[in-house]
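A quick write-up on the structure given underneath.
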Amino acid sequence: MATALNIPQDAETCEVKCGQKTLTFTNLQKLFWPQLNKTKRDVLIYYAAVSDVLLPHLRDRGLTVKKYPDGADGKAILVKKIPAYHPQWLKFCPVVRSPGIILEFPMVQDLASLLWIVNLGCIDFCQWPVRCDDIHRPDYVYFNLDPIFPAEFSQVREAALLINHILQKKNVNAYAKTSGSRGIHIYVPIYRKPYQREVWRTAKKVADTMAKEHSALLTSAHIISKRLPGRVLIGYNQNAGGRTFSSPYSLRANPQATVSTPVSWEELETGVTASEFTVDSVPPRVERIGDLFRPLLRPGSRYPLEALL
DNA sequence: GGTTGAA
DNA sequence: TTCAACCAACGCGGC
DNA sequence: GCCGCG
């Protein structure tokens with residue numbers, strides 16, 4: 001059952017009980033998507049509605065927070081250090097950046113933390129691929145598929161299906177979500193053993209091999225000028241240290257208010273588009289089919305990194 | 001968007 | 001009480 | 001060492 005947030009339609013501010021915690025929502029009528037007539041209130045209601053499927057993916061992972069004080073078309077402010085005024089129950093993941101310098105990344109451990117961060121003016125969520133108890137060993141390998149002009153989303157789908165087919169031949173199950181804009185993200189859950197660097201090296205090897213063997217469809221070139229037009233980029237560099245991935249079910253700050261949405265391989269075969277998954281359509285979809293990314297949370301669905309080679 | 005701290 | 005300032009930074013390859 | 005990239 002989805003979490004419904006009880007905010008009066010026309011309230012400008014509102015106090016909400018979240019278990020023992022009390023949250024104050026502010027500027028609720030602020031238009032975040034003027035063309036869609038969607039407000040900050042709609043963002044809070046969206047995240048509450050999908051919180052059952054979103055929270056397990058965010059749990060124990062550091063986040064980078066992006067604020068959009070002027071809505072989805074406005075400037076974005078990246079906030080790595082949450083200011084001192086945060087509630088005392090918000091949890092952090094301390095990361096030693098260099099000797100004597102410790103950065104504290106916020107973690108969303110419950111609904112209250114999620115909504116407190118959303119109230120800062122946050123639209124999209126980016127999470128670390130590692131959990132805080134072992135910040136050097138990722139939980140998954142990640143490929144970022146992006147169309148290179150004039151390629152379109154249909155080619156990205158085709159590329160995703162090809163990559164899945166190749167991984168299936170290695171008896172590896174992968175999971176896909178729309179990026180929310182023009183691409184698709186592919187996740188392969190791995191045992192937490194190899195260091196980030198090793199995961200990156202393997203991702204590069206896999207991407208380069210696939211691009212070499214299917215050069216009419218794929219490219220893995222890091223340098224933009226070396227990417228052939230009309231191909232699909234299979235990006236591996238997000239596996240490098242210190243990078244974050246956009247979370248599943250994250251809203252995107254684009255004019256359509258799309259959502260980065262897990263999709264099945266069958267859906268990709270029958271031709272879904274990225275634009276059909278939005279702030280309006282995703283909550284009922286999640287109610288209907290649950291979380292297609294749930295296997296990523298189960299220890300039993302993981303592979304040794306070498307299985308991808 | 002929210003807060004702090006200076007004017 | 002008003003108002004400006006602040007709010008990130010790094011790993012990787014290639015050259 | 002610096003640039004391009006994300």
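Chain letters run A, B, ... following the sequence lines, proteins first, then strands; residues in each count from 1.
Within the structure, ring pair (Phe, Tyr, Trp, His ring centres under 6.0 Å) contacts touching residues 204-231 of chain A (residues at least two apart or in different chains) do not occur. For residues 250-272 of chain A, the set of pairs meeting the ring pair (Phe, Tyr, Trp, His ring centres under 6.0 Å) definition, not counting sequence neighbours, is empty. Applying the ring pair (Phe, Tyr, Trp, His ring centres under 6.0 Å) test to pairs two or more places apart or on separate chains, those with a residue in residues 267-294 of chain A are A:Y187-A:F293. For the ring pair (Phe, Tyr, Trp, His ring centres under 6.0 Å) condition, the pairs that include at least one residue of residues 67-93 of chain A, sequence neighbours left out, are A:H86-A:F92. Applying the side-chain hydrogen bond (donor to acceptor under 3.5 Å, both in side chains) test to pairs two or more places apart or on separate chains, those with a residue in residues 295-309 of chain A are A:D139-A:R302, A:N173-A:Y303, A:R298-A:S301.
Rounding to whole angstrom units, NZ of residue A:K226 and C1' of C:dG13 are separated by 10 Å. In this structure, the CG atom of A:L233 is 11 Å from the C1' atom of D:dC5, given to the nearest Å.
Residues satisfying the ring-ring contact (aromatic ring centres under 6.0 Å, His included) test with A:H136, not counting sequence neighbours, are none. In terms of the side-chain hydrogen bond (donor to acceptor under 3.5 Å, both in side chains) criterion, A:T261 has no residue partners (sequence neighbours excluded). With sequence neighbours excluded, the residues satisfying ring-ring contact (aromatic ring centres under 6.0 Å, His included) with A:F125 are A:Y47. Every residue was checked against the disulfide (SG to SG under 2.5 Å) condition with A:C18, not counting sequence neighbours, and none meets it.
Contacts between residues 115-147 of chain A and DNA chain C, defined by a heavy-atom separation under 4.0 Å, are absent.
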### Message
At under 4.0 Å between heavy atoms, how does the protein contact nucleotides 1-11 of chain C? Give one character per nucleotide, 5' to 3', with B, S or -.
### Response
------BBSSB
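Pairing analysis of DNA chain C (Watson-Crick: purine N1 to pyrimidine N3 plus N6-O4 or O6-N4; G-U wobble: N1-O2 and O6-N3; both under 3.5 Å) yields stems of 3 or more pairs at B:1-7 with C:1-7, C:10-15 with D:1-6.
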